2 protein chains.
Amino acid sequence: MKLPESAEWVLHAAGSLAQLEPGGTASAARLAEHFDLPPAYLAKQLQALVRAGLFTATTGPRGGFRLARHPGDITLLEIVEAIDGTSPFYTCNEIRQQGRGAAPPEQCRQMCGLARHLHAAEDAWRARLAEVTLEDIVDGLPRGVQRRTRELLG
Amino acid sequence: MKLPESAEWVLHAAGSLAQLEPGGTASAARLAEHFDLPPAYLAKQLQALVRAGLFTATTGPRGGFRLARHPGDITLLEIVEAIDGTSPFYTCNEIRQQGRGAAPPEQCRQMCGLARHLHAAEDAWRARLAEVTLEDIVDGLPRGVQRRTRELLG
DNA sequence: AAATTGCGGATATCAAGTATCCGCAATAGC
DNA sequence: GCTATTGCGGATACTTGATATCCGCAATTT
Ligand code: SF4
Ligand code: SF4
C-alpha cells in the first residue's frame, strides 16, 4: 500500500511546470537534472502524463513537456492516477462464495459491508486529492521559490 | 497502490470470528478451509493480528484464534494496519533539496503543499476506516448468514 | 504420552516498480 | 537538405515486496 516513488517525481515535475510562464516548457533531461533523478526512467514516467492528457510534448531542440491545461484545471488526483492507475486499493475476490463456507449466490446480490466501507474510504482519499489543483500548490509556495524555479528551469 | 490480498483474508477471518458466540474460537486450518485459502500463509498472516493485539491465540486441541476485544471495539483500520503497517502512502524524499534546483534549507522548514495534501487525503482514508467496527459489519449481514457461519465454524 | 495448534525462521516463487538502452520519428536551427 | 535535439515505444535487467511452503519448537488438551 504505497504510491510508487515516480508519483512523487511527476508531482514535482508538474508543480515545476506550473511555476513557469504559461506554456513554459522543460525537457525530461532538464527536469531530471533539476531534481537529481534517473533521466531515462523519469522520461518514461513523464510520457504517461502525456498519454493521460495532462502534459503536451514537443520534440526537437527547445522541445520538452508543458502543461496541457491551465494549472487550475489539473488536480493532484489526475496526476497520481496517470502514474498509479485507477484500480481500487481493495478488490473483492468474493471469497465468501468459495470454500466450505461458501455462501449461496442469493446472499451475494449486493456488495457486503466490508467491500462497501473499504471503497468508501478509498473514495474519500480520491475526493480529497481531486480538490487540489496545481494552481493551489503554486499559490502555497514560499516567497521567492517560483522566481527561482523560472530562473533555473525556464 | 494496492492492499495485499491477505488484508482481505484477515478482514473476513475477523468478521467470521465476530459472528461466533462471544469468545468463539477457530483454528487457522479451519478458517483456511472455510474460505479456501492457502493454510500456511493464512496462518502466518493471522499471527500478525495477534501481535497487533486484535486476536488472542491458544495452542493445543480446540485451540485457535479468537477476538481479543469486543467486536464493537475493533475497527477495520486496526485490522488493515496490522497487515499493511502504518507507513504512509506518500513519503516525501525532499527531492526539492537535491539536484540543480535544490532549494535552500530555510525554505524547507515546513512541509510543502504537495506533502500536506497527500497526507491529508491519506488521513481521510484512515479516518473512514476507523469509523467502522466489526460489530457494524456483523450487523449489516444479510439474514441467516450469521447462523450459518456459527454452524460451519463453531 | 500423544495429538493438536500456534510461533518463528528459513526458503522459494511471483509480480510490480525501478532503471537502462536502443532504434525510430518529429522538430528546430543552420 | 543536414544535423542536433527531443520525445516515443519496446526490450531487457534488477530490486523489492507479497505470496506460499516447510520445518522445528513450545504450549495445551485429552
Ligand atoms: S462482497 Fe464482501 S463478503 Fe463478499 S467477498 Fe467481497 S468483501 Fe467479502
Ligand atoms: S516537502 Fe514538498 S516540495 Fe519538499 S520534497 Fe516533500 S513533497 Fe516535495
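We name chains A, B, ... by the order of the sequence lines, and we start the count at 1 in each one. As the structure is a prediction and not an experimental result, all values here were calculated from the model.
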Residue met sooner reading DNA chain D from 5', once A:Q47 and A:M1 are mapped to nucleotides: A:Q47
salt_bridge(A:E21, A:R66) N-O dist < 4.0 Å: no
Short side-chain N/O contact from B:Y41 to OP1 or OP2 of D:dT21, under 4.0 Å: no
Euclidean distance, atom CZ of residue A:R30 to atom P of D:dG7 [Å, nearest integer]: 12 Å
Nucleotide of C:dG6, C:dG17, D:dT6 approaching B:A57 most closely (side-chain heavy atoms): C:dG6
B:I83 CD1 - D:dT19 C1' separation (whole Å): 12 Å
Whole angstrom value for the distance that separates P of D:dA18 from CG of B:L42: 17 Å
Nucleotide nearest A:T59 (side chain, heavy atoms from C-beta), chosen from C:dA19, C:dT27, D:dT29: C:dT27
Spacing of A:I95 atom CD1 relative to D:dT19 atom P, expressed in whole Å: 13 Å
Residue B:P39, side-chain heavy atoms: nucleotide from D:dA18, D:dA11, D:dT21 that is nearest: D:dT21
B:V50-B:L67 co-clustered via ILVMFWY side chain contacts under 4.5 Å: yes
Sugar-phosphate only, base, or nothing, as touched by A:A40 at under 4.0 Å among non-hydrogen atoms: base
Under-4.0 Å salt bridge between B:E122 and A:R128: no
Residue whose closest nucleotide on DNA chain C lies nearer the 5' end, A:D84 versus A:P61: A:D84
Nearest-angstrom distance from the residue atom CZ of B:F55 to P of C:dC7: 11 Å
From D:dT19, C:dC7, D:dC8, nucleotide with atom closest to B:E5 side chain: D:dT19
Geometric class of the A:F35/A:H12 ring pair [parallel <30°, tilted 30-60°, perpendicular >60°]: perpendicular
Short side-chain N/O contact to C:dT18 OP1/OP2 from A:S6, under 4.0 Å: yes
Rounded distance (Å) that lies between atom C1' of D:dA18 and atom CG of B:L37: 15 Å
Residue closer to the 5' end of DNA chain C, B:A28 versus A:Q45 (nearest nucleotide): B:A28
Nucleotide nearest B:F65 when distance is taken to its side chain, options D:dT19, D:dC8, C:dC7: C:dC7
Distance, rounded to the nearest Å, where A:L49 contributes CG and D:dC8 contributes C1': 14 Å
d(CG, B:L46; C1', C:dG6) in whole Å: 10 Å
CA sep, side-chain torsions, deciding dist, call: B:Q45, B:E5, side chain to side chain contact (heavy atoms under 4.5 Å, CB included): CA-CA 11 Å; B:Q45 302 307 115; B:E5 203 179 341; over 6 Å; no
Within 45° cone and under 6.0 Å: B:R116 NZ/CZ vs B:Y90 ring: no
Closest listed nucleotide, where the reference is the side chain of B:W9 and the choices are D:dT19, D:dT30, D:dA20: D:dA20
D:dC8 phosphate, OP1 or OP2, under 4.0 Å from A:R51 side-chain N/O: no
Base D:dG7 paired with A:K44 side chain (donor-acceptor, <3.5 Å): no
